[in-house]
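A short worksheet on the structure shown next.
Just so we're on the same page: letters track the sequence lines, and every chain starts at 1.
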Amino acid sequence: MDEQQPTANRTVVLPDMWQTADGRPYSGGLSPDAASKERADASRCVVVLPTECQKALHVRPVHKYLMTPFSISSPRATRSARTFLMPVIGALLLLCSLLTGTAYAADVVITHPGNTNTSLPLSSVRAIFSMRLNTWPDGTQVTVFVLPDRHPAHARFSRTVLKMLPYRLRREWDRLVFSGTGIAPIEVKDEAEMRHRVASTPGSIGYLDEGLVDASVRAIVVK
Amino acid sequence: MQVSAQSSSSRLSKRLRLLCAMALLIAGGRVTAADTQVWHVNGFLSQAAFYTSDNNFAGDSDDGVSTDFNEAGLNASLNPLTWLRFSGQLLARNAGHYDNGALRTDYFNADIQFWSNANVRAGLRVGRVRNAFGLYNETRDVASTRPGITLPSVFYLEQSRDLNISRDGVGLYSDIFTNYGTLAVEIGTGKARVSKRLVKEALMSDADGIEPDDARISMVALNWEDADGHWRFALSQYRITSDVTAALSVFFPGVDATLDGSFELDTTAFSVQYSTERWQLTMEMLRFDYDLDFDFVGRRYPGESGYVQYTWIFSPAWQLFGRYEDGVMDRHHRNGSAMEQFCGTALDKFCNSRSAGFRRDSSIGLRWDINSQWMLATEAHYIDGAMGLAYSDNPQPAEVATYWTLFGIELAFRF
């Protein structure tokens, strides 16, 4: 086994199943672009696993650990090693996501596919989910869908995307509803219903685990 | 005061109708129109029981248990156009001898939103409009939105409840959305809801013969929330004015004449709240100047009050709070001596006990959110003073105790 340090961390192209629908790299931080540049003169391939995975698999700094069994010294060996590497990387990443649970889950804001907006500023997304802003830039009505307060995806979305406390969001909706100055969002019971309602309601907005997004809804970027 | 059997049963049947309507709606689920909900209906129900060592709170709780405290409300919101909303809320509430369960309209208004974009929205509300005061006034009858079973009584004075709830007029509002937070502004004016009950409570005596007339209210309220929702600030200024006439027979039996006077109430309220995942710290302060003036005689309450509350959210469904409230009816006579000013005079009917002029209230409470609809809460108070205690429940000043304890338990439902 060759134990020499690589001059730089090489990266590996992921098999298709690990890429997102529009070819973006998997959120674990593995980049196809860097790999294709180095493909021509790859003398070593390493896999850089994200920190959460390292902890979950109890591995020390990844490049040292994986470089040893997976380092390749010749271009021809590279091709066959890549074939060997792919399922192993796939299995490792699957194992990682099972062990870390939500570490790999990321929520995206979704809208009805007819929505012309591809991105929204964070202040607008907050104002919409707080039920203070009820119109799109073109003046049409916003219909907001949310999961139940105690659903883990709701708490995760509030904290990571809106960066708001879930109970403060609930208090704000209650204040609007019981003072007659607004309404609460429509509560759906699970993510499948969320996707279905957003897909079928023009002007709607909601949120969903990145992995559950399909072509029936549009994912928008929060700036 | 005699209540005819007919009027009490019609009140009862109105209440029953409200409860039946709510039961149907809860059973039938949300009222929807196609896929976009045009109608929104919500409601709430609560029932509490109180025990006090002395004094009466929400019924005859002195050395006993009073269950004469419950709230039932139903509201609906209709959004026929993007910029137009109609909303209204009906409430039936029992609170001892002070509130007898009559059905009333809390608010009923049209909201015309004439401006809305990513930075600013603005609109006009017309009709019976909620008064924004402090952090909790807008939803004061919804148990699950309160910071405890009872609202901090020195700040959310029960006596001025009717004034606080809503006004019949207009409110111009605006929300400004920035990356740092949201600023909400409202200015409004209208007719103040000054009731006979309010006058009775304010004067702390049977106020037969004292009639308010043409009560007006004007207000401005500001609310700032930072982007993450950690900080919340509120500031409001209210001014209420009214003409008052008093039948002189009230003061001097046998004299048949009326006296004209005026009533003015100015309040300034400031609130700040800091919230984190696991705890919340709240402080609200109030300064009020109440002035009932009949030229040669009058009643003034230049009061101030405040409270601080720490809430520990030790689990998603459980909260524990500790609160300290401090209030005086007359900041120049903090021991309550101004409340005795009419004792032993010709106006002895307006004599009150000293303890009605201040209140220092320490309380702790526990709350369990059983699920998204049901809530169970309990709390205990140790109180020094009787400011904010309803006159209707405690008509004998001599029997008002200075040191007393209060225990309460409440079950609440909302949908």
Side-chain angles (χ1 to χ4, degrees), chain A residues 112 117 120-128 130 132-145 148-152 155 158-159 162-187 196-204 223, chain B residues 30 35-37 40 42 44 73 75 77 79 81-83 85 87-89 106-109 111 113 116-119 121 125 128-130 132 135-139 141-142 144-145 166 171 173 175 177-182 184 225 227-230 232 275-277 280 313 316-317 371-372 414:
Chain A
H112 185 260
N117 300 287
L120 279 175
L122 181 58
S123 63
S124 293
V125 176
R126 280 190 177 132
I128 288 170
S130 313
R132 305 278 271 270
L133 180 61
N134 61 351
T135 56
W136 292 106
D138 64 358
T140 53
Q141 178 98 336
V142 182
T143 305
V144 184
F145 292 99
D149 283 1
R150 296 200 182 172
H151 195 290
S158 299
R159 293 188 190 106
L162 297 181
K163 299 194 188 27
M164 288 178 79
L165 293 164
Y167 75 84
R168 286 285 301 115
L169 207 55
R170 165 54 62 185
R171 295 285 180 262
E172 183 57 27
W173 299 338
D174 283 351
R175 192 183 68 80
L176 295 170
V177 165
F178 293 107
S179 66
T181 53
I183 53 171
I186 301 169
E187 207 171 278
H196 169 73
R197 297 291 299 267
V198 172
S200 56
T201 312
S204 64
K223 294 201 295 264
Chain B
R30 284 250 177 92
D35 234 354
T36 52
Q37 238 167 287
H40 286 255
N42 295 89
F44 54 94
N75 70 47
S77 178
N79 208 175
L81 300 164
T82 318
W83 51 269
R85 170 173 299 128
S87 54
Q89 178 164 291
D106 257 359
Y107 61 81
F108 187 68
N109 57 67
D111 185 332
Q113 189 175 264
S116 176
N117 67 30
N119 299 316
R121 74 160 183 157
R125 287 183 195 117
R128 179 160 285 184
V129 176
R130 269 328 263 248
L135 300 173
Y136 300 107
N137 189 63
E138 284 169 290
T139 59
D141 298 315
V142 185
S144 59
T145 66
S166 52
Y173 70 89
D175 287 339
F177 311 115
T178 74
N179 284 328
Y180 303 106
T182 306
E225 268 180 57
D228 297 339
H230 288 304
R232 197 175 158 203
S275 306
T276 72
E277 199 68 64
Q280 189 177 61
I313 306 156
N371 58 32
S372 62
R414 41 75 61 83

Using heavy-atom distances under 4.5 Å, tell me whether B:Thr276 contacts chain A through its side chain, its backbone, both, or neither.
backbone
Could you look at B:Ala132 and say if it's the side chain, the backbone, both or neither that has a heavy atom under 4.5 Å from chain A?
neither
Give me the atom names and distance for the closest heavy-atom approach of A:Arg132 to B:Ala184.
NH2-CB, 3.8 Å
Are A:Phe178 and B:Glu138 packed together at the side-chain level, in the sense that at least one heavy-atom pair is separated by less than 4.5 angstrom?
no
What residue in A:Arg159, A:Arg170, A:Glu172 has the most heavy-atom pairs under 4.5 Å with chain B?
A:Arg159
Going by heavy atoms in the side chains, are A:Asp149 and B:Ser372 under 4.5 Å from each other?
no
Does any heavy atom of chain B fall under 4.5 Å from the side chain of A:Pro166, the backbone, both, or neither of them?
side chain
B:Ser275 versus A:Tyr167, closest heavy-atom pair with distance
CB-OH, 3.3 Å
Determine whether B:Phe177 and A:Arg126 make a side-chain contact, defined as any pair of heavy atoms from C-beta on separated by less than 4.5 Å.
no
Between B:Gln89 and chain A, with a heavy-atom cut-off of 4.5 Å, which part of the residue counts as in contact: side chain, backbone, both or neither?
side chain
Quick check on B:Thr145 against chain A: is it the side chain, the backbone, both or neither that has a heavy atom closer than 4.5 Å?
side chain
Closest non-hydrogen atoms of A:Ala184 and B:His40, given as atom of the first, atom of the second and distance, are O-CE1, 3.7 Å
Toward chain A, the part of B:Thr82 with a non-hydrogen atom under 4.5 Å:
both
Pairwise side-chain contact, A:Thr135 with B:Arg121, heavy-atom cut-off 4.5 Å (strictly under)
no
Which of B:Leu81, B:Asn75, B:Thr178 touches chain A most, by non-hydrogen pairs under 4.5 Å:
B:Asn75
Please determine if A:Lys163 and B:Asp228 form a salt bridge, counting it only when a charged side-chain N lies under 4.0 Å from a carboxylate O.
no
Is B:Thr182 close to chain A through its backbone or its side chain, or both, or neither, when contacts mean heavy atoms under 4.5 Å?
side chain
Test log, rule side chain to side chain contact (heavy atoms under 4.5 Å, CB included), inputs A:Leu133 and B:Ser116:
CA-CA 7 Å; A:Leu133 180 61; B:Ser116 176; 3.6 Å; yes
Interchain contact, A:Ser204 with chain B, by part (heavy-atom threshold 4.5 Å):
neither
Structural part of A:Ser124 lying under 4.5 Å from a heavy atom of chain B
side chain
List the steps, then state whether side chain to side chain contact (heavy atoms under 4.5 Å, CB included) holds for A:Asn134 with B:Arg85.
CA-CA 12 Å; A:Asn134 61 351; B:Arg85 170 173 299 128; 4.1 Å; yes
Cut-off 4.5 Å, heavy atoms of chain B, and the answer for A:Leu122 is neither
Step by step, work out the side chain to side chain contact (heavy atoms under 4.5 Å, CB included) result for A:Asp174 and B:Arg414.
CA-CA 10 Å; A:Asp174 283 351; B:Arg414 41 75 61 83; 2.7 Å; yes
Those residues at least two apart in sequence (or on a different chain) that pass side-chain contact (heavy atoms from CB on, under 4.5 Å) with A:Arg171 are A:Arg168, B:Gln319, B:Arg367
Contact part of A:Arg150 toward chain B, heavy-atom cut-off under 4.5 Å: side chain, backbone, both or neither?
side chain
Which heavy atom in B:Thr139 sits nearest to a heavy atom in A:Ser179, and how many Å separate them?
CG2-N, 4.3 Å
In terms of heavy-atom contacts, A:Gly180 and B:Asn109 come closest through O-OD1, 4.3 Å
Those residues that, when tested against B:Asn117, pass side-chain contact (heavy atoms from CB on, under 4.5 Å) (two or more places apart):
B:Trp115, B:Asn119, B:Val120
